[in-house]
Trainee: 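Can you keep this structure in mind? I'll have questions shortly.
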Number of protein chains: 2
Amino acid sequence: MPDSHDMLFRTLADPTRRAIFERLCRDGEQTVGALTARAGVSQPAVSKHLGVLKQAGLVRDRHQGRQTHYCAQPGALSPLIDWTSQMAGFWEARFDDLEDLLKRMDQ
Amino acid sequence: MPDSHDMLFRTLADPTRRAIFERLCRDGEQTVGALTARAGVSQPAVSKHLGVLKQAGLVRDRHQGRQTHYCAQPGALSPLIDWTSQMAGFWEARFDDLEDLLKRMDQ
DNA sequence: CTCATCCATAACTCTCTGGTTATTGATCTG
DNA sequence: CAGATCAATAACCAGAGAGTTATGGATGAG
């Protein structure tokens with residue numbers, strides 16, 4: 001069972017994909033065509049990236065006629081935030097341990 | 001010019017590498033041998049991962065005799081935190097815009 | 001109905017990278 | 001000094017994945 005961090009980090013590791021997500025965060029809902037126009041890669045490539053982003057829960061799609069609108073789901077970033085603060089937390093915890101140790105040594 | 005986000009995301013995308021970093025955050029400074037013992041991959045693989053982590057600024061090394069000690073530098077995660085909150089920020093800004101719009105429509 | 005447009009999928013290529021084993025350099029030990 | 005241990009590097013391999021072109025299926029327009 002690959003944890004959610006894994007999918008999240010792997011999904012956001014690609015610059016093109018991250019740019020698409022950023023764009024959706026900045027400017028809101030976009031059609032595939034609009035995203036393709038600025039992505040610098042072909043339309044199938046954009047569709048594939050959107051598929052990966054959707055799989056990771058980072059975007060939602062909405063079909064309207066023959067076009068598909070995608071919008072960002074920034075809430076899906078929370079595991080990433082959790083992980084980051086956990087790492088920082090471990091760091092501080094160990095720092096506190098060191099402080100305790102120094103205090104005890106000081107006595 | 002690949003921004004620092006890029007290197008950071010790419011570095012943390014690999015599960016083995018991320019596990020090594022997590023371990024250094026949790027348990028503090030470790031030798032290559034100690035890390036290899038729990039990494040599930042060969043020593044050269046661990047050394048390569050540590051090289052990548054170091055390149056990204058996520059770890060520091062300290063040579064002592066014939067062994068090398070590595071420790072995490074969680075401060076290097078800050079661009080990642082910045083990026084994440086920026087994405088969330090864009091989201092909220094657009095939400096505020098929507099609120100403004102609705103307010104104006106309400107008048 | 002016919003043609004055009006939009007998006008997704010298929011099939012393929014090519015590069016990148018994470019893994020391996022083998023080796024070397026350096027340091028500790030006897 | 002000789003042998004052993006630790007970590008880094010070299011050389012290589014295989015799989016993943018990001019890109020392409022080609023195609024198909026569905027919807028809108030004339």
Side-chain angles (χ1 to χ4, degrees), chain A residues 1-24 27-72, chain B residues 1-24 27-72:
Chain A
M1 54 172 189
D3 54 315
S4 68
H5 306 134
D6 201 47
M7 187 177 302
L8 220 41
F9 274 114
R10 242 184 320 130
T11 301
L12 294 172
D14 181 76
T16 304
R17 196 153 50 221
R18 203 168 55 249
I20 292 175
F21 179 70
E22 288 178 15
R23 188 164 162 70
L24 288 174
D27 307 333
E29 197 176 72
Q30 305 270 328
T31 68
V32 176
L35 291 169
T36 300
R38 301 218 173 190
V41 294
S42 65
Q43 174 266 312
V46 172
S47 277
K48 235 194 280 185
H49 283 307
L50 288 168
V52 176
L53 286 165
K54 184 181 170 186
Q55 203 71 13
L58 286 164
V59 302
R60 275 179 60 80
D61 58 349
R62 179 173 70 81
H63 297 278
Q64 175 189 352
R66 63 184 164 182
Q67 40 197 10
T68 310
H69 299 260
Y70 283 87
C71 65
Chain B
M1 53 170 191
D3 55 313
S4 68
H5 307 133
D6 201 48
M7 187 178 301
L8 221 40
F9 274 114
R10 243 183 320 131
T11 301
L12 294 172
D14 180 75
T16 305
R17 196 154 49 222
R18 201 168 57 248
I20 291 175
F21 179 70
E22 287 179 16
R23 188 164 163 71
L24 288 174
D27 307 333
E29 197 177 72
Q30 307 270 328
T31 69
V32 176
L35 290 169
T36 301
R38 303 219 173 189
V41 293
S42 66
Q43 174 266 312
V46 172
S47 277
K48 236 194 279 186
H49 283 307
L50 288 169
V52 176
L53 286 165
K54 184 180 170 187
Q55 204 70 16
L58 286 164
V59 301
R60 274 177 61 80
D61 59 347
R62 179 174 70 84
H63 298 278
Q64 174 187 353
R66 63 182 163 183
Q67 40 196 9
T68 311
H69 299 259
Y70 282 88
C71 64

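Basis for what follows: all heavy atoms, side chains included, without hydrogens, waters or symmetry-related copies. Residue numbers start from 1 in every chain, and the chains themselves are labelled A, B, ... in the order their sequence lines are given, proteins ahead of strands.
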Trainee: Is there a side-chain contact between Cys71(B) and Leu24(B) in this structure, where contact means two heavy atoms from C-beta onward sitting under 4.5 Å apart?
Mentor: no

Trainee: Strictly under 4.0 angstrom, non-hydrogen atoms only: write out the protein contact profile of nucleotides 20-30 of chain C, one letter per nucleotide from the 5' end, B, S or -.
Mentor: BBB----BB--

Trainee: Considering every strand and a 4.0 Å limit on heavy-atom distances, what is the contact class for Thr31(B): base, sugar-phosphate, or nothing?
Mentor: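 The answer is sugar-phosphate, as Thr31(B) gets under 4.0 Å only of primed atoms, P, OP1 or OP2.
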
Trainee: Which heavy atom in Ser42(A) sits nearest to a heavy atom in Thr36(A), and how many Å separate them?
Mentor: C-CG2, 4.1 Å

Trainee: Which nucleotide, dG18(C), dA8(C), dA7(D), lies nearest any side-chain atom of His49(B)?
Mentor: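 Nucleotide nearest to His49(B)'s side chain: dG18(C).
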
Trainee: Would you please confirm or rule out a distance under 4.0 Å between OP1 or OP2 of dG17(D) and any side-chain N or O of Arg10(A)?
Mentor: yes

Trainee: Over how many whole Å does the gap from Arg17(B) atom CZ to dT17(C) atom P extend?
Mentor: 9 Å

Trainee: According to a strict under-4.0 Å criterion, is Tyr70(B) in side-chain N/O contact with OP1 or OP2 of dA8(D)?
Mentor: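 Answer is yes, contact under 4.0 Å.
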
Trainee: Compare every heavy atom of Met7(B) with every heavy atom of Gln55(B), then report the nearest pair and how far apart it is.
Mentor: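 Between these two residues, the closest heavy atoms are O-SD, 3.7 Å.
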
Trainee: If you look at every heavy atom in Val59(B) and Leu50(B), which pair is closest and at what distance?
Mentor: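 Nearest pair, atom of Val59(B) first, then Leu50(B): CG2-O, 3.9 Å.
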
Trainee: Calculate the interatomic distance between Asp6(A) atom CG and dG17(D) atom C1'; express it in whole Å.
Mentor: 15 Å

Trainee: Roughly, in whole Å, what's the span from CG in Asp14(B) to C1' in dA16(D)?
Mentor: 12 Å

Trainee: Figure out the CG/C1' separation between Asp61(A) and dC6(C), and round it to whole Å.
Mentor: 14 Å

Trainee: Output the rounded distance in Å from CD (Gln55(B)) to C1' (dT9(D)).
Mentor: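 Rounded to whole Å, this separation is 15 Å.
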
Trainee: Starting from P on dC6(C), measure out to CG on Leu35(A) and report it in whole angstrom.
Mentor: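 Checked: the CG to P distance equals 14 Å.
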
Trainee: Please report the distance, rounded to the nearest Å, between NE2 in His69(B) and P in dA8(D).
Mentor: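 After rounding, the gap between these two atoms is 11 Å.
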
Trainee: Is the distance from OP1 or OP2 of dT9(D) to the nearest side-chain N or O of Ser47(B) less than 4.0 Å?
Mentor: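 Checking dT9(D) against Ser47(B), no side-chain N or O comes under 4.0 Å of OP1 or OP2.
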
Trainee: Could you give the side-chain donor-acceptor pairs of residues 12-21 of chain B under 3.5 Å, partners two or more places apart or in another chain?
Mentor:
from: Asp14(B); atom 1: OD2; to: Thr16(B); atom 2: N; distance (Å): 3.2
from: Asp14(B); atom 1: OD2; to: Arg17(B); atom 2: N; distance (Å): 2.9
from: Arg17(B); atom 1: NE; to: Thr11(B); atom 2: O; distance (Å): 2.7
from: Arg17(B); atom 1: NH1; to: His49(B); atom 2: ND1; distance (Å): 3.3
from: Arg17(B); atom 1: NH2; to: Arg10(B); atom 2: O; distance (Å): 3.4
from: Arg17(B); atom 1: NH2; to: Thr11(B); atom 2: O; distance (Å): 3.4
from: Arg18(B); atom 1: NH1; to: Leu12(B); atom 2: O; distance (Å): 2.7
from: Arg18(B); atom 1: NH2; to: Asp6(A); atom 2: OD1; distance (Å): 3.0

Trainee: Looking only at side-chain N and O atoms, does His63(A) come under 4.0 Å of OP1 or OP2 in dA8(C)?
Mentor: no

Trainee: In the structure I gave you, are the side-chain heavy atoms of Glu29(B) and Arg62(B) within less than 4.5 Å of one another anywhere?
Mentor: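 Yes, their side chains come closer than 4.5 Å.
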
Trainee: Could you state the CD-P distance from Glu29(B) to dA7(D), rounded to the nearest angstrom?
Mentor: 12 Å

Trainee: Looking at every heavy atom in both Leu8(B) and Ala56(B), which two are closest together, and how far apart are they?
Mentor: CD1-O, 4.3 Å

